[in-house]
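Each remark here refers to the structure printed beneath this line.
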Amino acid sequence: MTPTAAVVVALEAPAPAPSPAPAAVAVAPAPSSTAGAEADQETAVEAGADAPAQSSSGGGGDGGSERRSRFRRICVYCGSAKGKKPSYQDAAINLGNQLVERGIDLVYGGGSIGLMGLVSHAVHAGGRHVIGIIPRSLMPREVTGDPVGEVRAVSGMHERKAEMARFADAFIALPGGYGTLEELLEVITWAQLGIHKKPVGLLNVDGFYDPLLSFIDLAVNEGFITEEARRIIISAPTAKELVMKLEDYVPEYDTGLVWEDQKQNGLVPELESGITSS
Ligand SMILES: CC(C)=CCNc1ncnc2c1ncn2[C@@H]1O[C@H](COP(=O)(O)O)[C@@H](O)[C@H]1O
């Protein structure tokens, strides 16, 4: 099966199943792939997306919000561990349910472990499409568990992060460790540099991110982050509040910079899918 065919198959049969079904594996093009193959693959992904997202009443979330979303897909960064408090796990499931309620598909790092598994299973069980983007080295079941939905294999962490950012219309970080922080800070930095204008949200479960927000405020006070750049980060204690804030977010931050690779990494075209751009 060619990479393109694998993607088409995966997307022609999105995941409406009420219970987790086996993952469809799509192999992302290696860096040396032809532009044509990449274009085909993008087309396939676009064809599989419900754009704009439709509301459904399937999920529980934080309590029945019925509002049509401007987001087709949200990228969720989160721990590969579950964390010690049940509230972290509840938040991952609630976030998944909130995406289902709003008809939003999930992009995440693939796998079934930790909070990553909880959010992806919630979205998949709710009938929305799940795209897991995972480096081949992390694919063995014993490393990341059985993924659900569409799996896109990539060569390494840099390609993974670029793909996750490319497919998403917004980003949310649940609690997590180094990997989550690194992914979060990268998309914030990219927003600061004008590489994208997609909303970035912190799901501040039980104040988990208070120390990070305090540190960022310190950096503002010490003159390392501007007030304007500080406002790139949106935070809320519940998934429902956070998604509503992301829906309302209007980017005010603008560098006026033009990035040569914006067309290749797809971050600019995604803005045309309903994200307000200043
Ligand atoms: C060998 C090993 C530690 C495997 C852990 N297994 C993993 N499987 C998939 N993605 C991961 C894994 N560890 C980190 N990540 C990436 O980093 C983030 C989570 O890292 P962390 O647990 O917060 O730091 C995820 O969003 C994911 O993109």
Side-chain angles (χ1 to χ4, degrees), residues 20 23-28 73-96 99 104-124 130-191 196 198-213 215 233 235 239 242 246 265 267:
V25 178
V27 181
R73 306 183 203 101
I74 290 184
C75 174
V76 174
Y77 305 124
C78 59
S80 56
K82 284 188 174 168
K84 289 188 176 175
K85 291 189 201 164
S87 56
Y88 302 140
Q89 295 141 39
D90 293 344
I93 295 167
N94 283 342
L95 175 59
L99 299 188
I104 302 168
D105 294 334
L106 173 72
V107 179
Y108 82 119
S112 257
I113 52 176
L115 299 187
M116 300 171 73
L118 293 175
V119 69
S120 59
H121 279 270
V123 173
H124 189 258
V130 173
I131 303 176
I133 300 174
I134 189 157
R136 288 179 189 84
S137 310
L138 290 179
M139 280 183 87
R141 193 169 295 182
E142 58 276 14
V143 182
T144 45
D146 278 320
V148 291
E150 179 191 349
V151 177
R152 296 174 71 92
V154 291
S155 60
M157 294 299 281
H158 289 298
E159 188 185 356
R160 175 202 238 178
K161 287 187 292 174
E163 290 287 282
M164 289 167 81
R166 185 164 75 92
F167 289 141
D169 298 314
F171 308 96
I172 290 178
L174 276 159
Y178 288 137
T180 304
L181 290 174
E182 189 260 341
E183 289 164 340
L184 169 71
L185 290 173
E186 180 162 88
V187 286
I188 293 170
T189 306
W190 287 4
H196 72 81
K198 303 176 184 183
V200 182
L202 271 185
L203 189 41
N204 194 11
V205 185
D206 278 349
F208 177 82
Y209 279 116
D210 285 349
L212 178 66
L213 292 171
F215 175 77
I233 305 173
S235 66
L242 183 61
L246 296 179
N265 68 25
L267 287 165

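Counting starts at 1 for both ligands and their atoms, in listed order. Predicted model only: the values in this text are computed from it and were never measured.
Gly111 does not count as a contact of ligand 1, since none of its heavy atoms falls under 4.0 Å from the ligand. Within the structure, ligand 1 has Arg160 among the residues with a heavy atom less than 4.0 angstrom away.
Not a single donor-acceptor pair under 3.5 Å links the side chain of Asp169 to the backbone N or O of Ile74. Although no hydrogens or angles enter the test, the distance criterion places a donor-acceptor pair under 3.5 Å between the side chain of Lys198 and the main chain of Ala168. The backbone N or O of Phe167 sits less than 3.5 Å from a side-chain atom of Arg73, completing a donor-acceptor pair.
Considering backbone and side-chain atoms together, Glu183 places an N or O closer than 3.5 Å to an N or O of ligand 1. The shortest N/O to N/O separation between Thr144 and ligand 1 does not fall below 3.5 Å. The shortest N or O to N or O distance between Gly177 and ligand 1 is below 3.5 Å. Note: no N/O pair closer than 3.5 Å links Ile134 and ligand 1 by distance alone.
Protein heavy atoms are absent from the 4.0 Å sphere centred on atom 3 (C) of ligand 1.
Among residues two or more places apart in sequence or in another chain, the side chain to side chain contact (heavy atoms under 4.5 Å, CB included) test is passed with Ser80 by Ile113, Met116.
In this structure, Lys161 pairs ionically with Glu186, as a charged nitrogen and a carboxylate oxygen lie closer than 4.0 Å. Looking at Glu163 and Arg166, a side-chain N of the basic residue comes within less than 4.0 Å of a carboxylate O on the acidic one, giving a salt bridge.
Counting heavy atoms closer than 4.0 Å to ligand 1, residue Leu181 contributes nothing at all.
Using the six-membered ring where Trp is involved, Phe171 and Tyr77 have ring planes that are parallel, under 30° apart on the 30 and 60° scheme.
With 3.5 Å as the limit, one finds a donor-acceptor pair spanning the side chains of Ser87 and Asp206.
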Using the side chain to side chain contact (heavy atoms under 4.5 Å, CB included) rule, take Ile134 and Val151 through it: C-alpha gap first, then chi angles, then the decisive distance, then the call.
CA-CA 7 Å; Ile134 189 157; Val151 177; 3.7 Å; yes
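In terms of protein heavy-atom proximity, atom 5 (C) of ligand 1 is nearest to Ile113 CD1, 3.9 Å. Counting only heavy atoms of the protein, atom 24 (O) of ligand 1 lies nearest to Gly179 N, 2.9 Å. Nearest protein heavy-atom contact of atom 1 (C) of ligand 1 is Val143 CG1, 4.1 Å. Nearest protein heavy-atom neighbour of atom 13 (N) of ligand 1: Ser80 OG, 3.5 Å.
Distances below 4.0 Å separate heavy atoms of Met116 from the following atoms of ligand 1: 9 (C), 10 (N), 25 (C), 27 (C).
Selection from Cys78, Gly176, Gly79, Gly145 by nearest heavy atom to atom 19 (C) of ligand 1 gives Cys78.
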